[in-house]
2 protein chains.
Amino acid sequence: MTALDNAALRAATGAANGEQDRRAEIYRSAARIFHRKGYHATSINDIAAAVGLTKAGLYYYIKGKQDLLFAIMGFAMDQLDEQVIEPARRVEDPQARLETIVARHARLITQDSSALTILVNELEGLLPDDRADIIGRQRDYVDFIADTLAALRDEGKVLGLDPTVGAFSLVGMILWISRWYRADGRLDGDEVVAEVTRMAISAVLNRGEDSNAGNPARTGQPAKETRE
Amino acid sequence: MTALDNAALRAATGAANGEQDRRAEIYRSAARIFHRKGYHATSINDIAAAVGLTKAGLYYYIKGKQDLLFAIMGFAMDQLDEQVIEPARRVEDPQARLETIVARHARLITQDSSALTILVNELEGLLPDDRADIIGRQRDYVDFIADTLAALRDEGKVLGLDPTVGAFSLVGMILWISRWYRADGRLDGDEVVAEVTRMAISAVLNRGEDSNAGNPARTGQPAKETRE
DNA sequence: AGTAGTCTACCGACCGCCCGGTAGGTTCGC
DNA sequence: GCGAACCTACCGGGCGGTCGGTAGACTACT
């Protein structure tokens, strides 16, 4: 069920298969509305109307409100896994890996923040088992960042920073983008991603002259890896 | 706490300003519950039960659910004004001022995050006019931080950072604390505040050797003002 | 001292509304 | 004629909010 739904969601702007498209449209609409109004403030009717169905018609596609939320969150976590964690895992140098994580996560948010934002804001709307599932995956992500910070520390590029606090702080910085970034604003998505990535790297790296193991720490632009 | 307050209040019937105490207790309870479950997922009955009243009894003290939310948010903004903005305004050196802002805001969150977290998470629960009021005050806060970053840039301590993006990013880092910090966790509140403050300063200051207008930019530890 | 009135602080019962969800069709392409 | 894709009509229940009370402390007057 969940895997199927996720596959449906992933079929973004498709041509073929009618049912899958419809389902994907429903999930996308629901994600947008949940994002805008919040899960509890959104009624099944709101979603049905947004996709041009009645409430009963909508129930042909979904099992219930909570399942819908869980499916959206599962999709968001899959997105994070595929677009951020997996690519970053293939980067061996810790600093480059951190840049990959931040830049890719930030980019995901500037592109479409709905699902990823619901992922962090509506956890209490889930059933306990589902919530445990999502929280576990989130914790893995934070641990992944914390491990990267620990590796940077072992290289001597970071001094006296608690990796866990560092990881949480970076995540907070990134997630917050969805609250202030507007696609039609002064800065475009790429500029925002670059700015935030630079701040993130700068936040964890040691400043200045001291104890820097080799490696002429780049102080200017971020890395190349910010796009694929 | 609640039971104690109620017992004390009941025992001291006839004492001076019981009404204000009761009202404060209601706001505090409501803030805690809104924080835990979210505004929309919290019923008036939940709050009434938490303070040992019936729903009808609660309405003797409040005008409605939305007014209650607005009152809590107003209180949170007042707290921010008094404990963060005003003290920081009296610090003239921009870097020290930034440290004051971050440290004081972070400290407020580690002490009691309920109201301050509601302030950012439940905006859509407000009436449009109330929301505009709160958003305006929030924007003033971000502008205050952005101005401080701009001042740092004018001193040459910050290069090529957009002050607005910088301000938002720092705010995101700080606000996120309420999502992961536990008073009974590995680190105590002061340690977390210190860590986050160091990261924030490090995130915006220039690293290393280049193009620094005069001014021996401190590249080692941050400043003293991180605690009072 | 007694008692009538007043006010604070609450409660039980109720209202209309809308919620998530369902039963039982109906339409329509194949 | 059959199943996929929807619909209308409805259900029980909980919601925010209101109404009409009332116990009891306090005051005022006789």
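Values in this document were obtained by computation on a predicted structure and should not be read as measured data. Here is the naming used below: chain letters follow the sequence lines, and residue numbers restart at 1 for every chain.
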| B/Tyr59 side chain near C/dC10 phosphate (N/O to OP1/OP2, under 4.0 Å) | no
| field | Given C/dG20, D/dG16, D/dA5, the nucleotide with the shortest approach to the side chain of A/Ser43 | value | C/dG20
| field | Student check: side-chain heavy atoms of A/Leu119 and A/Met77 closer than 4.5 Å | value | yes
| What nucleotide among C/dC10, D/dG16, C/dA13 has an atom nearest to a side-chain atom of B/Tyr61? | C/dC10
| query | Is there a donor-acceptor contact under 3.5 Å linking the side chains of A/Arg32 and A/Ser114? | reply | no
| Is any side-chain N or O of B/Lys65 under 3.5 Å from a base N or O of D/dG17, one able to act as donor and the other as acceptor? | no
| task | Round to the nearest Å and state the distance from A/Ile44 atom CD1 to C/dC17 atom P. | result | 22 Å
| said: Can a side-chain donor-acceptor contact be found between A/Gln83 and A/His105 if the only test is distance below 3.5 angstrom? | reply: no
| message | Angle between ring planes, B/Phe34 versus B/Tyr39, binned at 30° and 60°: parallel, tilted or perpendicular? | response | perpendicular
| query | Is the shortest side-chain N/O distance from B/Tyr60 to OP1 or OP2 of C/dA9 below 4.0 Å? | reply | yes
| message | Without decimals, in angstroms, what is the distance between A/Ile62 CD1 and D/dA5 P? | response | 16 Å
| query | Which of these nucleotides, C/dG21, D/dC7, D/dA5, is closest to any side-chain atom of A/Leu53? | reply | D/dC7
| said: Nearest to the side chain of A/Asn45, heavy atoms from C-beta on, is which of C/dC19, D/dA5, D/dG16? | reply: C/dC19
| said: Can you identify which nucleotide, out of D/dA5, C/dA9, C/dG12, has its nearest atom closest to the B/Thr54 side chain? | reply: C/dG12
| field | Nearest-Å distance for atom pair CG/C1', residues B/Leu58 and D/dG16 | value | 11 Å
| field | Length of the CG-P vector between B/Asp21 and C/dT8, whole Å | value | 18 Å
| field | Interatomic distance, A/Asp67 CG vs C/dG20 P [rounded to whole Å] | value | 14 Å
| message | If you define the side chain from C-beta out and look only at heavy atoms, does anything of B/Arg90 sit under 4.5 Å from B/Arg97? | response | no
| said: Measuring to OP1 and OP2 of C/dC10, would you say a side-chain N or O of B/Arg22 lies under 4.0 angstrom away? | reply: yes
